[in-house]
**Student:** 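The structure under discussion is supplied below as structure tokens; questions concerning it will follow.
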Amino acid sequence: MHPRNLYLIPPDFAQLAESYPPLKPFIYVNKHGQPLINFKDAAGQRCLTEALLHRDFGLKVEIPPDRLCPAVPNRLNYVLWIQDILTATLQPESTTSIAKGIRGIDIGTGASVIYPLLACAMAPNWSFVATEIDRGSLIAAENNIASNGLQNRISPVLVDPAGPLFRHLFEDASVFLECDFLMCNPPFYASKEEISRAAEDKEFDPSAVCTGADVEMITTDGEAGFIQRIVHESLIVGTHCRFYTSLLGKHSTIATIVNLLRSLKIDNYGLAEFVQGHTRRWGIVWSLGEERLPDTLVRSTSDSLHALLPLPNTFRQTYPSAITRSYQVLSNTLKGLDTLCHELEGVNLNQIPIVPESYEALATITAQENTWSRKARRRLEKLRKEGGTGIQYAGSQPSLFLTVRCHFIKEANSADSPSEIYRLVLQATWTKGKDRDLFETFWSHLSRKFLDSSIM
Ligand SMILES: C[S@@+](CC[C@H](N)C(=O)[O-])C[C@H]1O[C@@H](n2cnc3c(N)ncnc32)[C@H](O)[C@@H]1O
């Protein structure tokens, strides 16, 4: 579960019913005296969702009995993950700054409008376009939006099931031209037969009754086909949307979508795993822009995803603590690459500081091109000898953005020296750019300089 999920500790149902009395009839006490809810009772499930949204988010929501009842804790995992992605990549110069607000699209919002309502309840500057093909669900969604006074922040849109999923929204200036993210909890199945098979295999939520109507659960090409359509439309919309995301309910879908992204040369993607009780879901995100996603958010540690993960955006190397000159090595290396822009914070050390863990040198670096390879340095040298002033980059955008951090970590030493020693950690994080080779060659150059200094 997401570490910021309110439901890391399961709710006390008796207390919840006190704050939302309509829940009381659905509570029973088990033989250990524990108040519980029967998740196989659809009315009880619905009332629980309404109670949690009411007590924890101040939302008034009515879910029609014949439509999908969303489980709040797992819907919250997905919203929190998107919040993390946006927080980690929000650039001051971003076209959709905090002042303008965060704008998202929810594909297939359902009667509960669960994602837009949760997100808007948590963040006052978020707004949504929420699409739906089912007129009944859309009417219920409109009522839920109005009950919460969110008509000016959530715009429900009825879309044609045979038409595009979202690309047309970008052609219609009355909706919007730019957005920060797209999210979707797609229909899982390709047919009724698949639903029956999944029920036999107990693939989904074995402990809860599924309240979804066919229109909500079934789509012609199934979950994978639906997300493939999102990928193909994202190629058309491009960077008008910063991050495309989707929830995945089937493990087999992950490889299908990752392979599609790889075949389209989209390397800026990531995967997360959300575990909630018996339910396991995955999140996929990709971007056609330059903002690189932090490994902590998109390189899930789950073994089952290992082969499908993107390449890392952070490299780390440790060195003997003898490199007290880390700041100096970093500073000299950066100065030596004269066309590179950098800002360096930290202090020059002559010895290991008294509190080594508190030491940190930080550099923010941008580069227009490779000035560190042997070939590039020879070229610059030649230009200089010919009397030129070096390469002029006036007005051109940097192609590489990264941060470098040096700090110390404590390590218990081996038996021959029981005392604790410190090692220096050099870490580089790629934050923006399209050219992985530029980042990786810079890292090789920098880490080699540190290695050379540690053996001197
Ligand atoms: C699994 S439900 C998710 C509902 C809600 N977002 C939630 O998480 O509880 C999928 C939803 O997508 C809708 N849907 C199916 N095809 C769609 C399409 N082409 N465009 C927009 N919505 C669609 C269904 O009607 C349904 O409401």
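Just follow the structure's listing: the first ligand is 1, and inside any ligand the first atom is 1. Positions are given from 1 along the sequence. Side chains are part of it too, since the values below use all heavy atoms of this structure and drop only hydrogens, waters and symmetry mates.
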**Student:** When you check the side-chain N and O atoms of R4 and Q83, is any donor under 3.5 Å from an acceptor?
**Tutor:** yes

**Student:** Once side-chain hydrogen bond (donor to acceptor under 3.5 Å, both in side chains) is applied, what residue pairs with a partner in residues 294-304 remain, sequence neighbours excluded?
**Tutor:**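 Listed by first then second residue: H251-S304, E273-S302, S302-S304.
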
**Student:** Looking at ligand 1, is there an atom of it that comes within less than 4.0 Å of some heavy atom belonging to F188?
**Tutor:**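 In this structure, F188 fails to qualify as a contact of ligand 1 - no heavy atom is under 4.0 Å.
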
**Student:** Which protein heavy atom lies closest to atom 20 (N) of ligand 1, and at what distance to 0.1 Å?
**Tutor:**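 The protein heavy atom lying closest is V159 CG2, 3.4 Å.
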
**Student:** Which of parallel (below 30°), tilted (30 to 60°) and perpendicular (above 60°) describes H445 and F442?
**Tutor:** tilted

**Student:** So for ligand 1, is R75 a polar contact partner (N or O within less than 3.5 Å, distance only)?
**Tutor:**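 Yes, R75 has an N/O under 3.5 Å of an N/O on ligand 1.
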
**Student:** For atom 24 (C) of ligand 1, which protein heavy atom lies nearest, and how many Å away is it?
**Tutor:** E132 OE2, 3.3 Å

**Student:** Mind checking whether I133 contacts ligand 1 via backbone (N, CA, C, O), side chain (CB onward), both or neither, at a 4.0 Å heavy-atom cut-off?
**Tutor:**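 Contact part for I133 vs ligand 1: both backbone and side chain.
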
**Student:** If you take the nearest heavy atom of each of N185, T131, D160, L158, which one is closest to atom 1 (C) of ligand 1?
**Tutor:** N185

**Student:** When you check the side-chain N and O atoms of E343 and T364, is any donor under 3.5 Å from an acceptor?
**Tutor:**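 No, T364 and E343 have no side-chain donor paired with an acceptor closer than 3.5 Å.
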
**Student:** Do you see a donor-acceptor pair shorter than 3.5 Å between the side chains of S147 and N144?
**Tutor:**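 Absent: no donor and acceptor within the cut-off.
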
**Student:** Any idea which of S137, P164, P161, G108 brings a heavy atom closest to atom 11 (C) of ligand 1?
**Tutor:** G108

**Student:** Does ligand 1 have any atom sitting under 4.0 Å from a heavy atom of T219?
**Tutor:**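 No, that is not the case, since the closest heavy atom of the residue is not under 4.0 Å from the ligand.
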
**Student:** Under 4.0 angstrom from ligand 1, any heavy atom of P186?
**Tutor:**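 It does; at least one heavy atom falls under 4.0 Å.
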
**Student:** Name all residues meeting the side chain to side chain donor-acceptor pair (under 3.5 Å) criterion together with T429; count only those two or more places apart in sequence or in a different chain, and write none if there are none.
**Tutor:**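 Partners of T429 by the side chain to side chain donor-acceptor pair (under 3.5 Å) criterion, ordered by chain and then number, come out as T314.
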
**Student:** Going through the checks in order, is the side chain to side chain contact (heavy atoms under 4.5 Å, CB included) test met by Q427 and H407?
**Tutor:** CA-CA 9 Å; Q427 180 177 305; H407 66 282; 4.1 Å; yes

**Student:** With heavy atoms under 4.0 Å as the rule, classify the contact between M217 and ligand 1 as side chain, backbone, both or neither.
**Tutor:**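 Under 4.0 Å from ligand 1, M217 contributes no heavy atoms.
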
**Student:** Please work out whether any backbone atom (N, CA, C, O) or any side-chain heavy atom from C-beta onward of L165 is under 4.0 Å from ligand 1, and answer side chain, backbone, both or neither.
**Tutor:**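 It is the side chain that gets close, since no backbone atom is under 4.0 Å.
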
**Student:** Heavy-atom distances under 4.0 Å decide this one: backbone, side chain, both or neither, for Y115 against ligand 1?
**Tutor:** side chain

**Student:** Is the NE2 atom of H342 crowded by more than 12 outside heavy atoms at less than 6.0 Å?
**Tutor:**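 Yes, because the 6.0 Å sphere around NE2 of H342 holds more than 12 heavy atoms from other groups.
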
